[in-house]
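Single-structure report; data block below.
Remember, it's 1-based here, ligands and their atoms both numbered in the order they're listed. FYI, the numbering just counts along the sequence from 1. In what follows, every heavy atom counts, from backbone to side chain, and hydrogens, waters and symmetry copies are set aside.
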Amino acid sequence: MTPFLRKIASWVFSLLLFLQGGQMLHVNSEKTVNDAFLPGAVWTDTEGNPIQAHGGQVQRMTVPDGSGGVTETYVWVGENKNSGHMGNPVAVYTSDDLYHWTCRGDVLRPVSSVSEIDTDPYFENLYGELDETQKQHVVDCIGTDKVIERPKMLYNEKNGNYVIWFHSDDVTGSNPNYPYDVGMAGLAVSDSPFGPFRFVDRYRLNECPSNQIDCFPFSKGEARDMNLFLDDDGTAYIVYTSENNKTLYISRLNEDFTGLSGTVYGEDYIRLFPGAMREAPVLIRQDDRYYLMSSSTTGWASNQARVWSSDRIFGKWRNDGNPCEGKGRTVTFDTQSTTLFRAPNGQWIYGGDRWNGDVLSDSRYVWLPVTFENGKLTIRWENEWNWETGDHRS
Ligand code: GAL
């Protein structure tokens with residue numbers, strides 16, 4: 001293509017993006033990703049490599065300070081998609097200012113074979129004591145050809161441990177072409193957020209009670225897209241899509257955050273919005289209200305977000321509708337929800353994935369300011385912005 005034609009093509013592309021509702025191109029900014037949020041731009045870490053923490057979660061967390069004590073910093077955990085669709089290691093980054101992110105490496109690594117466990121000291125240290133069947137199970141669950149998605153981490157103050165829960169999936173004999181047929185929640189633990197995390201197992205979670213209508217009775221207790229939420233009283237919850245992605249569930253975790261607290265409906269878990277087909281859930285608390293944001297189910301393509309809110313996790317949830325305002329609102333500014341968190345000044349921030357299904361490692365991050373207006377979570381587009389100067393009405 002000649003330079004002239006390339007220029008025309010670039011204008012047409014920009015115009016199309018603008019018309020389809022997103023002011024989603026970052027144009028002629030003096031700023032860089034290290035001094036402002038530039039939604040949709042390539043975001044590099046302190047080594048200059050594009051950040052690989054997709055489907056992730058950002059939170060302020062207690063971490064080792066490197067000299068035997070602890071400190072607090074922001075931790076960003078997510079999928080390292082340099083391996084493509086399958087076998088994504090779970091990567092961790094840290095930052096004090098939310099602009100500069102230091103890569104702490106892959107903290108949960110997929111395992112290619114039993115012989116890798118036997119020969120690589122990294123894996124031998126984690127799984128060497130298991131018997132052959134157990135080692136094979138680790139490979140079957142977190143092999144380099146398995147789905148390892150939407151990892152989330154929690155620090156357990158009571159025992160000093162860190163847990164990662166993630167969407168663990170694979171094909172099955174009855175559905176050999178669909179890598180999301182197993183539908184389970186994977187668990188890994190470590191005594192450091194920087195790993196190494198040891199894969200424990202994967203599980204089906206709570207099931208639809210027999211006196212309610214199960215939207216997918218053929219496969220009980222499924223768990224796919226998920227998130228974790230730590231309440232102010234130290235209780236942790238896992239929120240996930242179940243019943244073939246038709247119904248969201250929130251289940252309370254046990255004291256160690258390594259399993260469910262129980263199976264009593266309304267006390268240990270709740271089913272939400274049966275048949276609504278929501279995924280990519282994010283649960284937060286602002287003052288005394290809980291907000292649950294989610295996307296619809298269209299794979300890597302963006303769709304319209306929705307928020308429900310409630311005074312109690314196991315209470316009645318109110319449909320607050322689409323939280324996004326302005327151009328691009330019908331497709332969540334071309335993103336899918338993955339995290340909501342607060343900057344040091346209290347400013348809430350929405351973090352979404354702008355997936356690139358063709359080159360997953362080039363999927364981008366879109367962080368936008370969140371306000372709470374008349375009790376409703378609201379997200380507006382910004383071409384570039386700073387949390388220090390954001391409008392943090394909340
Ligand atoms: C999305 C989901 C992603 C990934 C993708 C695969 O709906 O949120 O985590 O699983 O589908 O198509």
**OP:** Name the closest protein heavy atom to atom 8 (O) of ligand 1, giving the residue it belongs to and the distance to 0.1 Å.
**Re:** Asp225 OD2, 2.5 Å
Original post:
Hey, is Arg380 close enough to Glu373 for a salt bridge, meaning N to O under 4.0 Å?
Top reply: yes
**OP:** Please step through side-chain contact (heavy atoms from CB on, under 4.5 Å) for the pair Ile349 and Trp385, ending with a clear verdict.
**Re:** CA-CA 11 Å; Ile349 296 175; Trp385 67 288; 3.7 Å; yes
Original post:
Any idea which part of Gln336 is under 4.0 Å from ligand 1, heavy-atom wise: side chain, backbone, both or neither?
Top reply: side chain
**OP:** Enumerate the atoms of ligand 1 whose separation from the nearest heavy atom of Tyr180 is less than 4.0 angstrom.
**Re:** 4 (C), 6 (C), 10 (O)
**OP:** May I ask you to decide whether Asp311 forms a salt bridge with Arg289, counting only side-chain N to carboxylate O separations under 4.0 Å?
**Re:** yes
**OP:** Quick one: sort the Trp43 and Phe37 rings into parallel, tilted or perpendicular, breaks at 30° and 60°.
**Re:** perpendicular
**OP:** Would you check whether Glu149 has a nitrogen or oxygen atom less than 3.5 angstrom from a nitrogen or oxygen atom of ligand 1?
**Re:** yes
Subject >> Thr297 touching ligand 1 at heavy-atom level, < 4.0 angstrom >> reply: no
Subject >> Nearest-contact summary for atom 7 (O) of ligand 1 - protein heavy atom, Å >> reply: Glu279 OE2, 2.3 Å
**OP:** Identify, with sequence neighbours excluded, every residue that meets side chain to side chain donor-acceptor pair (under 3.5 Å) alongside Asp201.
**Re:** His137
Subject >> For Arg271, all residues meeting salt bridge (charged side-chain N to carboxylate O under 4.0 Å, His left out), sequence neighbours excluded >> reply: Glu243
**OP:** Measure the distance from atom 9 (O) of ligand 1 to every protein heavy atom, then report the residue, atom name and distance (to 0.1 Å) of the closest one.
**Re:** Arg150 NE, 3.0 Å
Subject >> Nearest non-hydrogen protein atom, atom 11 (O) of ligand 1 >> reply: Gly299 CA, 3.5 Å
